[in-house]
Amino acid sequence: MTDFFKGISPVRFEGPDSANPLAYRHYNKDEMVLGKRMEDHIRPGVAYWHTFAWEGGDPFGGRTFDRPWFDKGMDGARLKADVAFELFELLDMPFFCFHDADIAPEGATLAESNRNVRAIGEIFARKMETSRTRLLWGTANLFSNRRYMSGAATNPDPEVFAYAAGQVKNVLELTHDLGGANYVLWGGREGYETLLNTKIGQEQDQMARFLHLVIEHAEKIGFKGQILIEPKPQEPSKHQYDFDVATVYGFLKKYGLETKVKCNIEVGHAFLANHSFEHEIALAASLGILGSVDANRNDLQSGWDTDQFPNSVPETTLAFYQILKHGGLNAGGWNFDAKVRRQSLDPADLLHGHIGGLDVLARSLKAAAAIIEDGTYDRIVDERYAGWNAGMGKDILDGKLSLADLAARVEQDNINPQPRSGQQEYLENLINRFV
Ligand code: XLS
Ligand code: NI
Ligand code: NI
């Protein structure tokens, strides 16, 4: 035991009336919702990077956090791992996620860096023999080191591509060895700063080749988890190739990867792309590429990916509704890719963030389930499209009527469609009854 969280007792469900700030008021992991345990619906995870590696800097000032593992090399990395698993236990958290660079210091060579990562991976494996916390996903950091400033897979220099491959091979294998449910690729530098120095088509071919290599290797080592791309329109790149779900699908389709790769959708990234989170989820679900989600929201004034814990039940309910209608996230989950604010210095702040976020998810899940159980909302939307289930509507979809057939039909039957209300205000009021 370290003394990092000293004086803090395990966080447990105490019900909505509890005044204990370090208790769950709504997240009750074993409560059944639509026939499934709450924890199995949400599958929440702690993000290693924001929780243990982030230093509290912003563009105008550096580190505000004073963590005992900072600047201490491999000794620090081991201490960090101890503290991480202590937090997982305090929060009773079923999952975590990490990048290679979060868990171990970079060495002088790729081989040394990868050895460091594997050494901490072995510590994780030992801890996971007694801990209930599992790995939701692993990923490689292909964006912080200056070698990646012009991209990883999309770099003009093939040696950078090769280096990135060496990193991903290592983390993919570690993710597999730790029983990870998913492997994520977020391409923060896979894009450009200026078109003046960029060949878009060339870079997309490179990115697709990289993805093929990752899938081949995953199959070779027997990794059964999902391979996920995390869309984001910009930041750090001015323009990122994995802009949003629709763009990612077009890319996957062009390179024949649409059945092998799904999406990890982040609330804040959806906003940066001028979409709502539920739009991205609904679209991914309809395209068959909904994999997992990152729960963190943005500050709507700042226009940046501020990675804040979710705190709006009405917003998250709409997302959860889409997920439930899709049949759940399966191997995916809700990763808190969220960090406490730079003034939130105390170890307890790390708990407050996750507790609040989980309570919001629990309430949203229950609200979405109540909307579905009530059935009124689904009925109204289904009725709106009922014309397509039979008669002319069905014949159109089945390809039985040509353009000329339809033109003739309208004339013969004297068809004169009457507009019907979209009922937006009524639907908003209806949803608000449940949140
Ligand atoms: C950055 C991304 C990143 C991914 C993992 O904006 O959200 O944190 O989730 O590389
Ligand atoms: Ni993000
Ligand atoms: Ni993310």
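Position 1 is the first residue of the sequence; numbering continues from there. Indexing begins at 1, ligand by ligand and atom by atom, following the structure's order.
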Going by distance alone, is a donor N or O of one side chain under 3.5 Å from an acceptor N or O of the other, for T2 and E86? yes

Return yes if a side-chain donor-acceptor contact under 3.5 Å exists between N116 and S113, otherwise no. no

Report the relative orientation of the aromatic rings in Y192 and H239; use parallel for angles under 30°, tilted for 30 to 60°, perpendicular for over 60°. parallel

Counting only pairs under 3.5 Å, give me each side-chain donor-acceptor contact of residues 31-44, with atom names and distances, residues two or more places apart or in other chains.
unit_1 : atom_1 : unit_2 : atom_2 : d
E31    : OE1    : N28    : ND2    : 3.4
E31    : OE2    : K366   : NZ     : 3.2
R37    : NE     : D30    : OD1    : 2.8
R37    : NH1    : E39    : OE1    : 3.4
R37    : NH1    : D40    : OD1    : 3.0
R37    : NH1    : D40    : OD2    : 3.2
R37    : NH2    : D30    : OD1    : 2.9
R37    : NH2    : E39    : OE1    : 3.3
E39    : OE1    : R132   : NH2    : 2.8
E39    : OE2    : R132   : NH1    : 3.3
E39    : OE2    : R132   : NH2    : 2.7
H41    : NE2    : V33    : O      : 2.7
R43    : NE     : N330   : O      : 3.2
R43    : NE     : G332   : O      : 2.6
R43    : NH2    : A331   : O      : 3.0

Among F96, Y48, F52, find the residue that satisfies the ring pair (Phe, Tyr, Trp, His ring centres under 6.0 Å) test when tested with F85. F96

Which N, O or S atoms belonging to the protein are less than 2.8 Å from the Ni ion (ligand 2)? E266 OE2, H269 NE2, D305 OD2

List the residues meeting salt bridge (charged side-chain N to carboxylate O under 4.0 Å, His left out) with E14, not counting sequence neighbours, and say none if there are none. none

Residues lining ligand 1 [heavy-atom distance under 4.0 Å, listed by chain and residue number]: W49, H99, W137, W186, E230, K232, E266, H269, D294, D305, D337

Going by distance alone, is a donor N or O of one side chain under 3.5 Å from an acceptor N or O of the other, for N20 and S18? no

Measure up the Y255 and F251 rings against each other and bin them: parallel (under 30°), tilted (30 to 60°), perpendicular (over 60°). tilted

How are the rings of W137 and W49 set to each other: parallel, tilted or perpendicular (split at 30° and 60°)? tilted

